[in-house]
Amino acid sequence: MKRFISKTAFFVVPFLILYLITYFFYADNDNSGDLLRIGSLPYIDKKYREKFTAFDHEIKFTKLSESKKKTYKILTIGDSFSEQGKSGYQNMLAGDFNILHIDRFISGNQIQKFIELCNGNFFDTYKVQYVILQGVERNLIKDIQNIDNKSKIDIDKIDSIIMHHKPQQINEGYNFFSRTTLKFPYLTFKYCTDKNYLANGQVYNVELKTASLFSNHSNKLLFYIDDLNNTQQNNVSENAIKLNGILNQFSEKLKEKNITLIFLPSPDKYDIYYNYITDKQNFTKPLFFDNFDKLNKKYIYINSKEILTKELNSKKDIYYFDDTHWSPIASTLIVQKIKEVIMSHE
């Protein structure tokens, strides 16, 4: 019996150690950043997110799927940067304006959906004065590669999508004997010892010139692999011209209904902090905002990169340390600019 117990312990104890490391440091909940989950990186500073709770306010904007009214000041449509809930930019705007937001399960490729809404009868049913079209930098050019300028969607189809929508349950858990339990402790060790590497094949962990950009005093920059992978096509000036042409075309279409388009591109985290990366040898400089800023626009353009980079030396956590998204600190700055342009427009 002792021999059996000894052999069992020899096999089980190492797994127990690995499991305990995973149990205490694995990021498997919404309180941790998406980059930790995607990169299987350790959730070490569990109080980091507490400093942002002051920005959590009662939800004041209305989702299209829950809307009872048909008249709003502003319609927002975007990607995950527009899905930040209580601390999101549209919830901050909703303190001053009536906001209707297109649910993510409806919008999909938000540029394509925006076109479909313009071509359909949506704006005959819902009366708004402004449309804020938001999109993250890394996906803007990809999203217009196969764009259909003639596609449309009508209210009946949208109602059907809402009626048949079933929220998906995402299980990010793990078992005692699992691939996660085996892999995560190794990636945790690598995080603590290595510099300038790709974690779990998806998240870059690179060294910064300073530890003053985040409130946890880290000199690491974590960013999603597609921030870098999509930089090459985003840097092509003709792609920026194509995107601008699409926005100009449908801005004019909205003006026929007395609606003003506001375009809000969200910079990649990689782009925002690029100048602070210590070794840029293998990292292409992002040029999308440089190219796009030069173009003639028939809509209101929020140069969010310019707004946010001006504040990097005076405000920490413009983007979350552990996440692909900007923080409520950045949202506050963006909202201030949006309010300014609306007030000046009127």
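Between atom OG1 of residue Thr260 and atom NZ of residue Lys298 there is a gap of 14.5 Å, rounded to the nearest 0.5 Å. Here the straight-line distance linking atom CG of Leu117 with atom NZ of Lys253 works out to 12.0 Å at 0.5 Å rounding. Annotation: the span from Thr309 atom OG1 to Asp271 atom CG amounts to 8.5 Å, rounded to 0.5 Å. We find the CZ-OG distance between Phe81 and Ser331 to be 9.0 Å, quoted to the nearest 0.5 Å. For the atom pair CG (Asp322) and CG (Leu41), the distance works out to 10.0 Å, reported to the nearest 0.5 Å.
Of the residues listed (Leu221, Leu35, Ile225, Asn196), the one engaging Tyr204 in a side-chain contact (heavy atoms from CB on, under 4.5 Å) is Ile225, and it is the only one. In summary, of the residues considered (Ile342, Asn98, Ile262, Val128), a side-chain contact (heavy atoms from CB on, under 4.5 Å) with Ile74 occurs for Ile342 alone.
Judged purely by distance below 3.5 Å, without hydrogens or angles, the side chains of Tyr48 and Asp317 pair a donor atom with an acceptor atom. Side-chain atoms of Tyr89 and Ser82 form a donor-acceptor pair, as typed in the model, at a separation below 3.5 Å. Residues Ser266 and Gln134 have side chains that bring a donor and an acceptor to within less than 3.5 angstrom of each other. Counted by atom type alone, Ser80 and Glu83 present zero donor-acceptor pairs between their side chains at under 3.5 Å.
For Gln233 (side chain) and Ile141 (main-chain N/O), no donor-acceptor pair under 3.5 Å exists by modelled atom type. Checked by atom type and distance alone, the side chain of Asn216 pairs as donor or acceptor with a backbone atom of Ser218 at under 3.5 Å. Checking side-chain atoms of Asp79 against main-chain N and O of Gln110 turns up no donor-acceptor pair under 3.5 Å. A distance-only check finds no donor-acceptor pair linking the side chain of Asp154 to the backbone of Gly120 [under 3.5 Å]. Between the Asn109 side chain and the Ile111 main chain, a donor and an acceptor come within less than 3.5 Å of each other. In this structure a side-chain-to-backbone donor-acceptor pair under 3.5 Å is missing from Asn234 to Ala240. Side-chain atoms of Lys269 come within 3.5 Å of backbone atoms of Leu222 as a donor-acceptor pair (strictly under, hydrogens ignored). Panel note: side chain His165, backbone Ile161; no donor-acceptor pair is recorded below 3.5 Å.
Sorted by first and then second residue, the side-chain hydrogen bond (donor to acceptor under 3.5 Å, both in side chains) pairs involving residues 140-151 (not counting sequence neighbours) are Glu116-Ser151, Asn139-Lys142. Residue pairs meeting the side-chain hydrogen bond (donor to acceptor under 3.5 Å, both in side chains) criterion with at least one member in residues 60-71, sequence neighbours excluded: Ser65-Asp103, Ser67-Tyr72, Lys70-Tyr126. Within the structure, every pair that satisfies the salt bridge (charged side-chain N to carboxylate O under 4.0 Å, His left out) test and touches residues 240-252, not counting sequence neighbours, is listed here: Glu252-Lys255. Legend: side-chain hydrogen bond (donor to acceptor under 3.5 Å, both in side chains) pairs involving residues 333-342, not counting sequence neighbours, sorted by first then second residue: Asp96-Lys339.
Between Leu140 and Asn239 there is no side-chain heavy-atom pair separated by less than 4.5 Å. Considering only heavy atoms from C-beta on, Phe250 stays 4.5 Å or farther from Leu133 through its side chain. Taking the side chain as every heavy atom from C-beta outward, Phe321 and Lys220 approach each other to under 4.5 Å. Lys113 is listed as a side-chain neighbour of Ile77, based on a closest heavy-atom distance under 4.5 Å. By the 4.5 Å heavy-atom criterion applied to side chains, Val203 and Tyr197 are not counted as neighbours. Considering only heavy atoms from C-beta on, Ile318 comes within 4.5 Å of Leu333 through its side chain. Within the 4.5 Å cutoff, no side-chain heavy atoms of Thr76 are placed close to those of Ile102. Two residues are said to be in side-chain contact when any heavy atoms from C-beta on lie closer than 4.5 Å; Pro265 and Glu137 fail this criterion.
Contacts of Asp323 classified as salt bridge (Lys or Arg N to Asp or Glu O under 4.0 Å), with partners at least two apart in sequence or in another chain: Arg49. Applying the ring-ring contact (aromatic ring centres under 6.0 Å, His included) test to Tyr301 and every residue at least two apart in sequence or in another chain returns Phe292. Scored by the ring-ring contact (aromatic ring centres under 6.0 Å, His included) test, Tyr320 finds Phe52 as partners (sequence neighbours excluded). The salt bridge (Lys or Arg N to Asp or Glu O under 4.0 Å) check on Lys257 picks up Asp124, with sequence neighbours excluded. For Lys280, the side chain to side chain donor-acceptor pair (under 3.5 Å) test picks out no residue, with sequence neighbours left out. With sequence neighbours excluded, the residues that form a ring-ring contact (aromatic ring centres under 6.0 Å, His included) with His345 are Tyr130. Applying the ring-ring contact (aromatic ring centres under 6.0 Å, His included) rule to Tyr270 yields the partners Phe223, Tyr274; only residues at least two apart in sequence or on another chain are considered. Judged as a salt bridge (Lys or Arg N to Asp or Glu O under 4.0 Å), and not counting sequence neighbours, Lys152 has no contacts.
For Glu207 and Lys195, the salt-bridge test passes: some basic side-chain N is under 4.0 Å from an acidic carboxylate O. Between Asp227 and Arg138, at least one side-chain nitrogen of the basic residue sits less than 4.0 Å from a carboxylate oxygen of the acidic one, meeting the salt-bridge criterion.
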- side chain to side chain contact (heavy atoms under 4.5 Å, CB included) evaluation trace for Lys285 with Thr231: CA-CA 8 Å; Lys285 179 178 175 62; Thr231 295; over 6 Å; no
- Message: As a quick check of understanding, evaluate side chain to side chain contact (heavy atoms under 4.5 Å, CB included) for Val136 and Asp268, giving each step before the final call.
- Response: CA-CA 7 Å; Val136 68; Asp268 293 335; 3.6 Å; yes
- Query: Taking it one step at a time, do Ile307 and Asn303 satisfy side chain to side chain contact (heavy atoms under 4.5 Å, CB included)?
  - Reply: CA-CA 6 Å; Ile307 295 167; Asn303 189 337; 5.6 Å; no
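Considering every non-hydrogen atom in both Asn121 and Ile155, the closest pair reads OD1-N, 2.9 Å. For the residue pair Val236 and Asn291, the shortest heavy atom distance occurs at C-ND2, 4.4 Å. What you find for Ile277 and Lys209 is that their closest heavy atoms are O-CE, 3.5 Å.
In terms of hydrophobic clustering, with Ile, Leu, Val, Met, Phe, Trp and Tyr side chains grouped at heavy-atom distances under 4.5 Å, Leu247 and Leu264 are assigned to different clusters. Phe122 and Ile162 fall within a single hydrophobic cluster, where Ile, Leu, Val, Met, Phe, Trp and Tyr are joined by side-chain heavy atoms under 4.5 Å apart, directly or via other members. Both Leu213 and Phe283 belong to a common hydrophobic cluster when Ile, Leu, Val, Met, Phe, Trp and Tyr are linked at side-chain heavy-atom distances under 4.5 angstrom. There is a path of hydrophobic side-chain contacts, each under 4.5 Å, that joins Trp326 to Phe61. Tracing side-chain contacts under 4.5 Å through hydrophobic residues (I, L, V, M, F, W, Y), one reaches Leu261 starting from Leu295; they form part of the same cluster.
Ring geometry, Tyr273 versus Phe214: the interplanar angle falls from 30° to 60°, so the pair is classed tilted.
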